[in-house]
There are 2 protein chains.
Amino acid sequence: MREEISNRLASLSIRDLMLVAAVDRCGGFRPAAEEMGISVSGLSHQVRKVEAVLGVTIFERGARNVMPTEAGREMLRHVAGFLRHAADMGHAADRRAGPFGGRLRVGVISTVGPFLMPHVVSLARDWHPRLELALMEGKHEGLSRRLRDGEIDLVITACPHADEAFDRAELLSEPFCLLARADNPLAAGGPIEPERLAGLDLLPLSEDDFPTETAPQGAHRAGMRIFRSHGLSIETRVRLVSTHGYACLVPAFTCGELTAGGKLALVEILNRPVGRQIFGLWRRSSPYAAELGRFAAAVSVFMRAP
Amino acid sequence: MREEISNRLASLSIRDLMLVAAVDRCGGFRPAAEEMGISVSGLSHQVRKVEAVLGVTIFERGARNVMPTEAGREMLRHVAGFLRHAADMGHAADRRAGPFGGRLRVGVISTVGPFLMPHVVSLARDWHPRLELALMEGKHEGLSRRLRDGEIDLVITACPHADEAFDRAELLSEPFCLLARADNPLAAGGPIEPERLAGLDLLPLSEDDFPTETAPQGAHRAGMRIFRSHGLSIETRVRLVSTHGYACLVPAFTCGELTAGGKLALVEILNRPVGRQIFGLWRRSSPYAAELGRFAAAVSVFMRAP
DNA sequence: CACGGTTACGATTATCGTAAGCATT
DNA sequence: AATGCTTACGATAATCGTAACCGTG
């Protein structure tokens with residue numbers, strides 16, 4: 001069996017081997033005991049225990065000095081390699097000892113990433129300066145699967161309800177506004193009344209805006225005709241708007257700078273009746289769940305402030 | 001400091017890491033506990049201890065399954081390497097676990113090796129079939145120094161008194177006989193009386209026969225003129241005898257077959273008044289001292305028997 | 001007698017198991 | 001209700017230190 005191999009050695013601790021190495025390094029029990037902060041007696045006990053466990057007498061105890069036996073020298077080489085390995089593991093552990101295991105893996109849906117991630121990153125750096133961030137963009141479904149499988153720790157998405165095993169926190173509410181060509185009459189007179197949406201032939205919303213089959217709040221209230229679609233990206237919507245003169249609902253923050261050199265216009269909708277909510281999601285069972293909750297709250301607070 | 005590096009990990013035992021690896025391998029605490037022959041509770045304790053010591057949460061405990069965190073996976077890689085190292089050390093220890101640490105290093109003086117070592121080797125193989133023998137020939141002083149320094153474990157020599165730190169056992173008594181050219185009148189009539197030695201111009205004895213300043217027992221009794229020398233080997237003595245016609249005392253067993261194709265003759269001396277004793281020497285502090293004593297006794301018994 | 005490691009034995013600490021607890025399905 | 005890990009707590013065992021004990025120079 002895989003474990004039977006070293007079952008005999010199981011009772012050895014790293015400390016035990018450090019003691020053996022110390023006796024070798026110091027050339028005697030007394031100085032080694034002092035260096036390791038242990039009594040000579042305890043040291044003698046532990047070294048004998050190691051020798052008993054290995055079945056090898058490592059040290060020959062002379063009248064005035066201690067020297068390793070031939071077999072002991074071989075064991076000491078192994079012990080040295082062993083302790084080197086332990087030190088390596090210690091260093092690796094140190095790097096991983098910080099919050100989130102030293103690395104926070106964040107997934108974000110494509111329509112949120114561009115405007116939110118810079119804030120999340122700077123917030124994370126304030127939060128834990130040494131934290132390494134691993135970012136990933138994608139669609140809600142893929143990110144959700146990766147979150148469930150433990151490939152990422154935090155997902156920022158627009159889907160209001162998710163896996164039962166996830167905890168979530170609302171990060172921000174993002175209103176929609178109307179994207180139209182600059183020559184469209186809608187673009188002329190500033191903010192428009194929600195009622196005017198009802199008469200428009202709007203392009204379908206992207207799945208990233210409302211990833212599941214949920215209708216957006218206020219959309220029906222506004223009387224819009226919603227065409228469902230999947231994967232209609234912002235970029236595609238922009239092309240359709242600019243080439244065919246359609247009007248289109250787009251997330252306001254995502255498209256804040258999307259005027260394409262004056263050829264397009266973003267029209268605010270009064271009272272913001274349509275919009276989407278953006279959530280942070282994480283596994284309830286994650287060891288970082290509490291910290292993730294605090295971080296999400298900080299993001300939320302930050303996004304409400306200027 | 002060299003030790004401060006992994007001081008934090010000192011309290012980890014190999015078993016602790018085996019437990020962690022088992023949880024990973026079995027995918028849960030319950031099966032891992034069963035495999036490792038421990039209660040689930042104890043396993044939970046130990047795994048948490050490891051996580052606390054490393055400062056890294058290795059496992060995410062879900063409702064129905066356990067999976068390693070990202071940081072945990074890195075730790076598990078280290079743990080696996082660690083346990084591999086432990087297994088290697090276990091194997092090395094197994095090879096060294098036998099008597100004499102698996103390898104008996106024997107030094108023998110040049111004039112004794114040729115006739116004694118074959119017996120010692122076969123006796124050792126009977127004694128401990130798996131024992132590896134490391135043999136070395138040399139002069140008494142060098143072997144004695146190596147014995148003192150721990151480079152060898154057993155020295156077979158002719159010097160009756162040695163370092164205070166050595167224990168010894170007489171292995172055998174070897175008589176001297178006279179080596180002469182076949183045309184020498186001494187070689188004619190079989191065994192000779194000891195008294196006849198007094199009148200001969202004998203070559204000096206080698207240091208290997210009487211390595212220190214000790215006069216050989218019976219030498220003065222026989223009235224011989226002893227010329228002291230160092231390093232006059234058997235081979236040199238044979239050449240001097242065969243080319244110049246000298247007579248020469250030589251150890252009987254060492255030179256038992258030394259008739260050089262009929263040109264030389266070995267003449268026995270009646271009552272064997274001159275000879276040397278061959279001893280086994282080992283450090284009193286050697287962990288194998290007791291076993292070495294028994295082995296020497298076995299050699300002694302064997303050499304007395306036919 | 002000084003030195004260095006070992007042994008005896010009592011005290012502290014760690015480890016472990018039973019059983020109850022808590023969260024999830 | 002069943003599953004799976006954790007916590008509480010008492011029992012057992014390992015570790016450790018003081019002091020007495022050899023064996024050696």
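Labels below follow one simple rule: chain letters A, B, ... track the order of the sequence lines, proteins then strands, and each chain is numbered from 1.
Atom CZ in Phe29(B) sits roughly 11 Å away from atom P in dT7(D) (whole-Å rounding). Atom C1' of nucleotide dA14(D) and atom CD of Gln46(B) are separated by 13 Å, given to the nearest angstrom. As rounded to whole Å, 8 Å separates atom P of dC16(C) from atom CG of Asp16(B). Regarding Leu12(A), its CG atom lies at a distance of 19 Å from the P atom of dA14(C), rounded to whole Å. Atom-to-atom, CG of Leu19(B) to P of dC16(C) comes out at 7 Å; the value is rounded to the nearest Å. Nucleotide dG5(C) holds its P atom 14 Å from the CE atom of Met67(A), rounded to whole Å. For Arg48(B) and dT15(C), the CZ to C1' distance is 17 Å, given to the nearest whole Å.
Taking only side-chain nitrogens and oxygens, Arg284(A) comes nearer than 4.0 Å to OP1 or OP2 of dT24(C). Using a 4.0 Å cut-off, some side-chain N or O of Arg15(A) falls inside it from OP1 or OP2 of dC16(D). Within the structure, every side-chain polar atom (N or O) of Lys49(A) is placed at least 4.0 Å from both OP1 and OP2 of dA14(D).
Contact annotation for Arg61(A): backbone-only contact, meaning every heavy-atom pair under 4.0 Å involves sugar-phosphate atoms and none involves a base. Using a 4.0 Å heavy-atom cutoff across all strands shown, Gly28(B) reaches sugar-phosphate atoms only and no base atom.
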Completion exercise
Its contact letters, B for base, S for sugar-phosphate only and - for none at protein heavy atoms under 4.0 Å, make nucleotides 17-22 of chain C read BB----

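Using modelled atom types and a 3.5 Å distance limit, the side chains of Thr57(B) and Glu60(B) yield no donor-acceptor pair.
Legend: ring pair (Phe, Tyr, Trp, His ring centres under 6.0 Å) pairs involving residues 51-90 of chain B, not counting sequence neighbours, sorted by first then second residue: Phe82(A)-Phe82(B), Phe82(A)-His85(B), His85(A)-Phe82(B).
Considering only residues two or more places apart in sequence or on other chains, Arg103(A) meets the salt bridge (Lys or Arg N to Asp or Glu O under 4.0 Å) condition with Glu132(A), Glu70(B).
The pair Asp149(A)-Arg145(A) meets the salt-bridge criterion, since a charged nitrogen lies less than 4.0 angstrom from a carboxylate oxygen.
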